[in-house]
Amino acid sequence: MVEKARGEKVTLPCTFTVSQEDQGPLDVEWVLIPTDNQKKEPTIIMYSVDRIYNDYYEAMNGRVQFTNPDPRSGDGSINIVNLKSADTGTYQCRVKKAPGVESQKIRLTVLVKPAGTKCYIEGSQETGRDLTLKCVSQEGSPLLSYNWRKLTGTKELPVTSLLNKDTGELSLKNVSEEYSGTYSCVAANRVGADCFVVLNVSPPINTAGIIAGAVIGTLLGLFLLAFLVFCCCKKRKEKKYEEEVPHDIRVDASPPKSRTSTARSYVGSNRSSLGSMSPANMEGYATTPYNQVPSEDLKHSPGQNPNFPHQRYLHLI
């Protein structure tokens, strides 16, 4: 029995000795015995009449050769390189040298290394909970076995752990923070692969506190948003009111009389009076003292020049 991993190299041994009675030509032949007895045995490689034939079996073309280039030395072993899963089978070495004939069978098993191995945690990593460490290989020869071990801390599996080597499951009950660490799973079939997973056990999360905090934060955000909207609306209304309402000015109030209009009114009235008077009437006005000129229309407001009517009157005379 020979076991090798896929892709490796294997040597199938076949040694012999020749007795004095064996005088015929030496033939060394390797064949693959099929699982179905009804099928013909294909020849893998052969040495005959001082010549090597290694192109009989197309599936191993270029991958098989004699270990010793001269099998006459008594070594008819062969090497097979870059093994494939299909190379698994029973091989037979036949040595012929008339009148002697001997043969030997070898069972070759090509193992496929576990590949695509995935390690993961199933369950909550909170204290007091139950969880399972799982290890699964997507590829690998049958008869796979799984084994878990802890690489940190005490380097011993927890006392509550339960290992199933066939399925690769490591069950942990009522976990605590001491269970935290790095765990390794080895998937084996004499050619194995490691898979690592980190387990961190922590106290349960206070979900009620998280929800309450989220609700309070949302309410505060809504209140702030409503306050900003209220301020914007108020400012917009004030601006609109200033644009629509006029300033407090009385439109119906008549403007105060100016000095110029009063003086002009007085002068105009005097002109009309003078124009209607006859030369005979002029005497009365000529003899009238200056200081007796009617001045009730010339009443001036504070701040006006009191000499203004006097100057206008002298100008008319």
Looking only at the side chains, is there a donor atom on one of Y57 and N54 sitting less than 3.5 Å from an acceptor on the other? no
Can you tell me if NZ on K96 sees more than 12 non-hydrogen neighbours from other groups inside 6.0 Å? no
Non-hydrogen side-chain atoms of E139 and K113 separated by less than 4.5 Å: no
Heavy-atom closest pair, residues F66 and I78: CD2-CG2, 3.9 Å
Closest non-hydrogen atoms of V28 and C93, given as atom of the first, atom of the second and distance, are CG1-SG, 4.4 Å
Verify the neighbour count for atom CD of E58: are there more than 12 heavy atoms of other residues, nucleotides or ligands below 6.0 Å? no
Is the SG of C185 found under 2.5 Å away from the SG of C135? yes
Checking side chain to side chain contact (heavy atoms under 4.5 Å, CB included) for the pair R149/N147: CA distance, chi angles, key distance, verdict? CA-CA 7 Å; R149 58 184 177 180; N147 189 29; 5.6 Å; no
In Å and rounded to the nearest 0.5 Å, what is the CG to CD distance from N200 to E126? 13.0 Å
Measuring only between side-chain heavy atoms, which start at C-beta, is E8 closer than 4.5 Å to V10? no
Can you tell me if S73 and N68 form a side-chain donor-acceptor pair at under 3.5 Å? yes
Distance-minimising heavy-atom pair for A5 and V110: C-CG1, 4.2 Å
Any side-chain donor near an acceptor of the partner, N79 and T67, under 3.5 Å: yes
Co-membership, hydrophobic cluster, residues Y47 and L32, 4.5 Å side-chain: yes
Rounding to 0.5 Å, atoms CG (L157) and CG (L163) come to a distance of 7.5 Å
Side-chain donor-acceptor contact under 3.5 Å, S137 with T117: yes
Looking only at side-chain N and O atoms, does S176 offer a donor or acceptor that is under 3.5 Å from a partner on E178? yes
Side-chain touch T109/V2, heavy atoms, less than 4.5 angstrom: no
Are any side-chain N or O atoms of E169 and backbone N or O atoms of K134, one a donor and one an acceptor, separated by less than 3.5 Å? no
If we ignore hydrogens and angles and just use 3.5 Å, is the side chain of T15 paired with the main-chain N or O of D75 as donor and acceptor? no
Quick one: pull up NZ in K105 and CZ in R94 and give me the separation to the nearest 0.5 Å. 8.5 Å
Kindly say whether P13 contributes a backbone atom to a donor-acceptor pair with the side chain of Q104 at under 3.5 angstrom? yes
Quick one: does Y183's side chain get under 4.5 Å of L199's, heavy atoms only? yes
Counting only N and O atoms by type, is there a donor-acceptor contact under 3.5 Å from the side chain of R6 to the main-chain atoms of L111? no
Enter the distance from S171:OG to E122:CD here, rounded to the nearest 0.5 Å. 9.5 Å
Cluster link M46 to I80, ILVMFWY, side chain under 4.5 Å: no
Is a donor on one side and an acceptor on the other found under 3.5 Å between the side chain of W30 and the backbone of Y91? no
For S19 and D22, does a side-chain donor sit closer than 3.5 Å to a side-chain acceptor? yes
If every non-hydrogen atom of S180 is compared with every non-hydrogen atom of K150, which pair is closest and at what distance? O-NZ, 3.5 Å
Nearest heavy-atom contact between L83 and K9 is CD1-C, 4.4 Å
Is there a path of hydrophobic side-chain contacts, each under 4.5 Å between heavy atoms, that joins Y146 and Y120? no
Please report the C-alpha distance between T11 and S77 in whole Å, then the side-chain angles of each, then the deciding distance to 0.1 Å, and finally whether the side-chain hydrogen bond (donor to acceptor under 3.5 Å, both in side chains) criterion is met. CA-CA 7 Å; T11 298; S77 305; over 6 Å; no
Quick check: closest heavy atoms across P34 and K40, and the distance to 0.1 Å? CG-O, 4.1 Å
Under 3.5 Å, side chain of N189 to main-chain N/O of V112, donor-acceptor pair present? yes
Please lay out, stage by stage, how W148 and C195 fare under the test side chain to side chain contact (heavy atoms under 4.5 Å, CB included). CA-CA 9 Å; W148 281 94; C195 181; over 6 Å; no
Starting from V136, can I reach L131 by hopping between I/L/V/M/F/W/Y residues whose side chains sit under 4.5 Å apart? no
Does D87 pair with K4 as a salt bridge, N-O distance under 4.0 Å? no
Measure the OG-CD distance between S161 and E156 for me, rounded to the nearest 0.5 Å. 10.5 Å
Any chance CZ of R107 has more than 12 other-residue heavy atoms, nucleotides or ligands included, within less than 6.0 Å? yes
What distance do K97 atom NZ and L26 atom CG have between them, rounded to the nearest 0.5 Å? 5.5 Å
Kindly work out whether a path of hydrophobic side-chain contacts (I/L/V/M/F/W/Y, heavy atoms less than 4.5 Å apart) joins V197 to Y179. yes
Side-chain donor or acceptor of T132 paired with backbone N/O of L170 under 3.5 Å: no
With E29 as reference, evaluate V95, T43, I44 under the side chain to side chain contact (heavy atoms under 4.5 Å, CB included) test and give the passing residue. T43
